[in-house]
Amino acid sequence: MKKILRAAVSLLSILTLASCNQTKTSDKVSDSGTPSTSTKDSGSTVVTNDTFTIKVGSDQKVVDWVAGKAQTYLRANGFPNVKVESYQLSEGDADSKVADWSAGPDVYAYASDKILNLVKAGALAKVTSKNLTTLNTELGEDVMASVKVGDNYYGYPYTTNTFYLYYNGDAVTEEQSKTMNGLIAAAAAKGSDYKVAYNLNNGWYGIPFLCSYGARFNVTVNDTGTVTKITSDFAEKALPAAKLIKSYFGNANVTLVDNDQAAPNDSSKTVAQVTGSWKNEAYTSAVRNLKAAALPKIDDTTYAYTFMGYKDWGVNPQAYGSDVNRATADQALAMYFSGKDFQLDYYRQYSNLPLNKEANKDSTLATNQVNLAVQNEIAHSIPQSVVPTNVWSAYTSFYDTLTKTATTDDDIKAALTAFDTAVQTIEAL
């Protein structure tokens with residue numbers, strides 16, 4: 001949801017993380033997940049008669065359904081004696097609710113901004129090179145970037161958490177929805193009191209907007225998981241975006257503060273709203289001709305950027321320890337969760353938008369406006385991962401300065417320089 005404020009950080013310089021908690025991971029588990037000699041290969045399916053129990057962790061509302069799907073899959077795919085137990089664990093709590101990972105879930109869902117803490121805890125196994133090749137093809141390299149730490153990958157993405165554009169099709173044409181100027185013109189045509197709502201006062205929306213012209217911040221982490229360096233270049237690259245924010249302050253047809261995120265209709269005098277899928281049900285009821293689209297261009301060639309949060313499946317190496325067959329089952333299950341069949345079933349049952357490319361070809365998704373908006377947004381997004389804790393207060397200070405005292409380009413550059421300084425201050429994550 002919008003209240004879960006998480007930013008994306010490009011982990012270009014992060015070193016490979018190692019943790020003493022991962023000592024239970026056996027070197028008998030090969031990079032390709034090849035099973036031990038206690039298994040036999042039946043055609044293309046690895047079969048083992050070993051009897052063991054694995055725990056599958058997911059949110060309360062889906063935990064039993066997910067465990068049931070996992071049980072059916074494993075029994076039908078080479079693990080006839082494996083028992084699956086459900087393990088209640090919210091994606092947002094994955095890094096804080098498990099005290100002992102050796103007794104934790106084998107496979108579990110987590111929000112991608114939790115990845116650093118989970119790697120540090122030894123709770124995420126690396127994705128094997130064979131699986132990574134498949135995932136890069138089936139999900140896309142942009143998606144897989146969200147689970148990359150250093151040179152390694154630690155998750156199996158399955159859905160997104162992001163924001164995009166909703167607009168009233170009775171007030172805004174499809175062509176107008178493609179640009180910020182078009183949206184503003186549509187609002188002005190309705191009247192001087194009609195608005196385009198874009199919560200740029202909020203860092204979750206405002207920071208990626210500042211990144212639209214290439215500005216980024218990067219975090220370097222040492223082998224113990226300690227942040228050693230943060231770099232950013234907002235003062236160098238974000239001036240055009242900051243000037244646009246400043247220009248919206250004086251535009252009667254734009255509001256940058258709409259914390260309630262009113263539906264785009266005549267009652268709210270709003271023609272378009274930037275928000276996410278958590279508003280879809282309410283908006284569908286409140287707007288007769290509701291449309292969804294990717295964020296618009298903010299000039300002739302530049303798109304507004306979003307933070308693309310993901311939810312992922314992780315494999316816990318402390319659960320399988322030195323048991324190669326159990327490791328193979330866990331890896332197979334995580335791959336199944338990222339595959340076409342499971343993601344389509346998840347969508348049909350709980351409206352979770354899939355990431356799998358083949359799943360997205362399904363006829364039920366081809367006309368899903370929200371899904372198309374999210375898919376089109378991926379190319380203009382920054383995947384969520386590790387965030388300096390002070391980035392939010394840094395943006396609040398920047399926005400306050402931009403609102404109250406910055407009047408010239410030099411003033412705005414100074415505010416961006418202060419933003420860089422604050423972002424680069426290392427605090428514990």
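Looking at N316, its side chain does come within 3.5 Å of a backbone N or O of P105 through a donor-acceptor pair. With D93 contributing its side chain and S96 its backbone, the two residues share no donor-acceptor pair below 3.5 Å. At least one donor-acceptor pair under 3.5 Å links the side chain of N81 to the backbone N or O of N49. Between the side chain of E85 and the main chain of K55, no donor-acceptor pair closer than 3.5 Å is present. Of the possible donor and acceptor atoms, one in the side chain of D299 sits under 3.5 Å from a partner among the backbone N and O of T302. Using a distance-only test at 3.5 Å, with no hydrogens or angles considered, no donor-acceptor pair links the side chain of N199 to the main chain of N202. Side-chain atoms of N131 do not come within 3.5 Å of backbone N or O of V127 as any donor-acceptor pair. Side-chain N or O atoms of D400 include none that pairs as donor or acceptor with a backbone N or O of T396 at under 3.5 Å. A donor-acceptor pair under 3.5 Å links the side-chain atoms of T403 to the main chain of Y399, judged by distance alone. T159 places a side-chain N or O within 3.5 Å of a backbone atom of L353 that can act as its donor or acceptor partner.
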- Please assess T160 against K311 for the test side chain to side chain contact (heavy atoms under 4.5 Å, CB included), listing each intermediate value before the final yes or no. CA-CA 6 Å; T160 61; K311 295 180 180 180; over 6 Å; no

Residues Y156, L139; criterion side chain to side chain contact (heavy atoms under 4.5 Å, CB included); working and verdict = CA-CA 9 Å; Y156 304 73; L139 304 183; 6.0 Å; no

Salt bridge (charged side-chain N to carboxylate O under 4.0 Å, His left out) between K69 and D345, intermediate numbers included | CA-CA 9 Å; K69 298 291 288 186; D345 286 346; 2.6 Å; yes

Does the pair V149 and N152 meet the rule for a side chain to side chain contact (heavy atoms under 4.5 Å, CB included), with working shown? CA-CA 5 Å; V149 177; N152 299 303; 5.9 Å; no

Report task. Go through the steps to decide whether W313 and Y158 satisfy the test ring-ring contact (aromatic ring centres under 6.0 Å, His included), and finish with yes or no. Result -> CA-CA 7 Å; W313 294 103; Y158 70 95; 5.0 Å; yes

Let me see the working for M335 and L135 under side chain to side chain contact (heavy atoms under 4.5 Å, CB included), right down to the final yes or no. CA-CA 8 Å; M335 286 297 289; L135 292 167; 3.9 Å; yes

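Using the six-membered ring where Trp is involved, F419 and Y395 have ring planes that are perpendicular, over 60° apart on the 30 and 60° scheme. F52 and F79 have perpendicular rings, their planes meeting at more than 60° on a 0 to 90° scale where under 30° would count as parallel. Below 30°, between 30° and 60°, or above 60°: for Y346 and F342 the angle between ring planes is above 60°, a perpendicular geometry.
Taking every heavy atom of both residues into account, L416 and A238 meet most closely at CD1-C, 3.8 Å. Nearest heavy-atom pair across S146 and D312 is OG-OD1, 4.3 Å. The minimum heavy-atom distance linking Y320 with D330 is given by the pair CD2-OD2, 3.5 Å. Contact record, Y166 with G276: CE1-O, 3.5 Å, taken as the closest heavy-atom pair. Of all non-hydrogen atoms in W101 and A94, the two that sit nearest each other are CZ2-O, 3.2 Å. Minimum interatomic distance between A121 and Q318 (heavy atoms only, all atoms of both residues): O-NE2, 2.9 Å.
For the residue pair Q261 and T275, a side-chain donor N or O sits within less than 3.5 Å of a side-chain acceptor on the partner. Between the side chains of Q273 and D258, at least one donor N or O sits under 3.5 Å from an acceptor N or O. Under the 3.5 Å distance criterion, with hydrogens and angles disregarded, no donor-acceptor pair is assigned to the side chains of S393 and N390. Side-chain contact check for S232 and Q424: at least one donor-acceptor pair (N or O, by modelled atom type) lies under 3.5 Å. Under 3.5 Å, the side chains of S277 and N280 contain no donor-acceptor pair of N or O atoms. One side chain, T306 or T162, offers a donor N or O that lies under 3.5 Å from an acceptor on the other. Using a 3.5 Å distance cut-off with no hydrogens or angles, the side chains of D50 and N325 do pair a donor with an acceptor. Side-chain polar atoms of N265 and Y283 form no donor-acceptor pair below 3.5 angstrom.
Taking 4.5 Å as the limit, some side-chain heavy atom of F307 sits within range of a side-chain heavy atom of I207. Two residues are said to be in side-chain contact when any heavy atoms from C-beta on lie closer than 4.5 Å; Y310 and L355 meet this criterion. In this structure the side chain of L256 reaches within 4.5 angstrom of the side chain of I245, judged on heavy atoms.
No option in R348, K357, K340 other than R348 meets the salt bridge (Lys or Arg N to Asp or Glu O under 4.0 Å) test with D362. Exactly one of W204, W278, Y198, Y305 qualifies for a ring pair (Phe, Tyr, Trp, His ring centres under 6.0 Å) with F163. That residue is W204.
Under a 4.0 Å N-O distance rule, the pair K237/D420 does not qualify as a salt bridge.
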